[in-house]
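Proteins get letters first, then strands, A, B, ... in listed order; numbering begins at 1 in each.
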Amino acid sequence: MKKWLRHDSWRHIIAIFVCLFALFPLYLVVISSFASSGSLQLTSFIPREISFKNYRLLFNDPTIPYLSWVQNSLIIAGSVAVLSVIIGSASAFAFSRLKFKGRKQGIQLLLLVQMFPAILAISALYVIMERVYSFAPSIGLGTRAGLLLVYLGGAMGVNIWLLKGFVDSIPAELDEAAKIDGASEVQTFWLIFVPLAAPVLAVVSLLSFIGTFNEFILARLFLVDMESRTVAVGLQQFIGGQYSQNWGPFAAGSILASIPIVIIFLSLQKYIVSGLTAGSVKG
Amino acid sequence: MTYLIRGKVALLLKIIIVGLASAILLMLAQSAFAQREYVISAFLALTILALVLTYLTKISIPLKFFIPGILLLIAFVIGPILYTVAMSGFNYKTGNIISKEEAIVQVKIRGIEADPAGTSFDIKLGTYDGKEAILISDIANLKYFISTADSRISVAANDVTLNEYGVGITAPNFTTLNDAQMASADKSYTKIKFQYEGEYFIALEGFDAGIVTRQVLEYLPATDEFRNLVNGSVYRDNGRGNYALVDDQTAILEPGWRAPIWFENYSKIITDPRVREPLVRVFIWTVAFAFLTVFTTFALGLLLALALNRPIFGRRIYRSILVLPYAMPSVMSILIWGGMFNTEFGAINTLFGSDIAWFSDPNFARVAVILVNLWLGFPYFYLISSGSLQAIPSELLEAAAIDGANPRQIFRKVTLPLLLQILSPLLIASFAFNFNNFNLIYLLTGGGPRNELDGEIAGATDILISYTYKIAFGTGTQDLGLASAISLIIFVLVASISLYSLKKSKVLETFG
Amino acid sequence: MNKKRFGFAGVFAAFALAVSTLVAPSASAATEIVVWADESRGPNLTKVIAAKGDWVAGYTVKVVTFSSFDALKDAFDKATDASGPDIVVGGNDWVPTGAKSGKLAPLALTAAVKARFNPTQFLDLTYKGKLYGVPVDINNVAMIYNTKLVSSAPKTFGEMVTNYKSLKASKGLKAGLCVAGGGMSWGAHSVFSALGADAYQFNSRGGIVYGRTFSATTFGSNVRKYLMDGKKSNGFFPATDTGCKDNFLAGTVPYAVIGNWEWADYVAKGFTMNLMPVPGVTEGTYGKMFGSVSGALLTTFAAKHGVEAGAKSLLTNFFASTDGQVRYQALEKRPPAEKGAQADATVSAAQRGFGSAASLAGIPQIGAFLNTNKGGANYWDSAPAYWTAVLIDGKDAVKEASKLATIWRVNVEAGKADL
């Protein structure tokens, strides 16, 4: 017991302290979501009331299609997560394994592209998608498909960069062996690399998923129809009023929307840790 | 699985997929062409060519891996970047947004002036002798006439049938338009100047009213100038996207258009102290912010990873709690933090019994920004550090211990250097991410505080990207041209610093 | 070898498919008028317009609702005629920038339509002598007080301060007067005004007075007297608006400046109607409560979409009509701008209360001259910095006021030409 105190107490102190730091804002969100006043409960730490008004509003008010928003977010973020990782890992694989002219320049270009302060790209993207809308209304401005395309483009750089780090860490002997067996590069990719990299691909997917789920600057410009909004955009309307803010439903909606992510996170914890690290640990 | 990747089936599958993709793209390219979106159409056509060449021939194997990624990058990342580069060469700001042709049309429309008395009439749309015409009712004087683009015909009061408001609805030889016809007449009738008296004509103000107006500004295409028909003054293209009065260059006609001014936006950054000074200040804070964020998040993450590196009691619970900030939607968390820092009513001041004006004092605001970002970012570094700690070969640590090193020495001499080496790409990536961490600043402080009273232009917590955003999309004047030029300068700076440090740290070698 | 042939086959198949599935892109109907609005006005406009389908015969009206006012502004800033609206319901401060950039189109109303509005309201939507929209609703603020804390309406500013000081300890007050609506520039304008600094003033004919309405010395010394305790704030007036509503509702702040758009929420939480302007330093004087209008603005895209006359008709038949505003404000619950609608029986007492407060205030074209950066800074953006500098940083109240007055003067001089 004494040994425990001496050896582990500092560990507990640090952990508890940081846990409190982590939980504090979350606690405020939770009590705000159960308050009926619609305001952010900053004045008292102890909830004065427990009301489900905000939660009921999200599900019972026909003008607030909360479930559609969640569905849209899941579909868009899910598609981005899957597609961007498939496309990105192919590029990462090529950067890591194939020898070709301009490979190094390619990587440098990719790194540079990521450093470009792309905030002004918003106007360019808007104009592009507006024009796409004029000839293909189903994938232009205002559609989920259009937003998906834009996200995919944006996710490319980071994902290739992250995934490349991982591919580098897989011993080259494996695919060389495959090559001797007569497999082509494409076959090596699908048959050797993808199964090996599955945990990392999953983690990078998850990161893309969260990133996309959180994005709202582009989404609020692109998804105007009430039914086609994402959660981030939909909930923003409660606090983005011209002068007024309604925190209750926002807090309730955010909590519900983050529950799936938290569950995924907690259940895949081990996996995530190994995946996140794999990108950086090289053999 | 193997079956799908090897052999004839695979080939067939490939052809079907490429064929289908090409078909869809071709369809889009054609529609784009039909809508006169030539650039997009050409891009789509090139995409088809690239797809077919890459996947159905053996031109290049790496391309087979790259093509989808490259195409997406070009369309949605590199394309917009080039657009930004192009914008930086234009006088492209509030007042100079549209094209010159559109601007001329708009100036002509604004060059119309109502008569001094503000005369207006009730009207009815129709045709007269097969020509577009309006039936005008001067209710006050019980006078009625029909007007077309080139003539005005008076109609006797008893020839006109009136509705309950006294507005004429039928007249001899005048065929009234029905509702559906009116809607389709919108395009043509609104452009007609119906005859009234002398230089005055009647313009449609909706379907029921006409306003007596005259054209004051006239466009002369031959000389590309506007002339004021009343006082004879002449406005010419000033080369910066406006028609300006010949004698007084400050008197311009609005709206203007986006005109090329080449490098003026760039030279402004250097020569104009109102642009340069805030930019330098913001740049310094941006670097400091990104560095401090990476440092603090990594330090706290590592500390936790070290603390929880042994299977102590409750580790799973700790870990579950510690990843929560990472799993919560950050938009939400940032906004909540914003509320918590409020001076009078915020939870932070309540908790510590302080009365700090967090977002009104530059230094406290900066501390708040770093603190919130620490909250958002430490779980990431906790997760990767704890993973990496486990990846450090235990023999290495044992060997050091046998050599007589104490735990602190082992950490400093063995663990930390190894970790830094392992994590350096992620640290650099995190630096790059935070360098452009727009959401945090935008949602938390909006870049403030800013002491406007003393002429400050940029806020104390503004980072380059939020500052550029304000220039481009803020309230008041939005200067997209200047913002683009600043973006480019930032890019050159960041890129050279990064490339230099990457070269130095040899990351590119090990990575490339 | 084989592959090559398959390649050509693929291309051929692609062409064949493309030709067979090619559908002509659907051109948007030329008889549809598109209206853009924010998250609160949009749904109400949709309902009202749908309830009576023939506001403009031969046209359908489509209301596009954005997720927030900011999102609407962002999109309108970026929109081109490819997807832009024909009418946008926006703030009065959109008029100068929209007109300058050629996104808004001028319109000329007939005398009959003009007569339906207070002339100063048109001033709010006018840029360089041309009108760009019709007033739809009034956005203004007024002060309310918590009757559980203070029994009667304060007669002077000093009375409020005294009440605050005497109740501070016993009731656990967090502040005396705070701004819950409109922020620390527009919302706090009434406090500026009550203490002697007016950003605008009107003569009896509704014209703007450019005289010395902003007295830095008077204002600065009043700030010292009422809001300061030596070099520190006396706690009466917070320098930010965050949390004000919460605290007023929680009973820890006796006086608050609130916006009309939130009135219903206060009523729902049990507050009685006791709207009043912020009292001045001497009895019988009051600070001017800020007010402006939101307008339905005509865009230049309407002409390009071929619905110009239709859009103009919608503006006069619906947005600027008594019938239209009564129906719309029955849902939106802001004070209507149109005179007939203001007098309508269905308009609630609170809407009317705010409405009359607005007509007392007069409504200036703030966008044109106090919102642009001509001359360096702009007044509305700079005003909040005054409170920070004085109440938090403890800088000299008069000196800072004269800085603000300078900015104000430069703005007004530079902006006169834009009216």
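Panel note: side chain A/E130, backbone C/A79; no donor-acceptor pair is recorded below 3.5 Å.
With a 4.5 angstrom heavy-atom cutoff, C/S40 does not touch chain A via any of its atoms. Contacts of A/R220 with chain C are made by both backbone and side-chain atoms, with heavy-atom separations under 4.5 Å.
If you take OG1 on C/T80 and OH on A/Y126, they are separated by 7.5 Å, rounding to the nearest 0.5 Å. A/I122 contributes atom CD1, which lies 11.5 Å from atom CG of C/D77 (distance to the nearest 0.5 angstrom). The CZ atom of A/R131 lies 9.5 Å from the OG atom of C/S83; values are rounded to the nearest 0.5 Å. Atom NZ of C/K78 sits about 11.0 Å away from atom CG of A/L125, to the nearest 0.5 Å. Atom OG of C/S67 sits about 11.5 Å away from atom CG of A/D225, to the nearest 0.5 Å.
Interface check for chain A: of the options C/G259, C/G84, C/A82, C/A268, the most heavy-atom pairs under 4.5 Å are formed by C/A82.
Within 6.0 Å of the NZ atom in C/K304, the count of heavy atoms belonging to other residues, nucleotides or ligands exceeds 12. Enclosure of atom CZ in A/F34 by more than 12 non-hydrogen atoms of other residues, nucleotides or ligands within 6.0 angstrom is indicated. With a 6.0 Å radius and a threshold of 12 heavy atoms from other residues, nucleotides or ligands, A/F52 has its CZ atom at or below the threshold.
Using a 4.5 Å heavy-atom cutoff, the side chains of A/M226 and C/T46 are not in contact.
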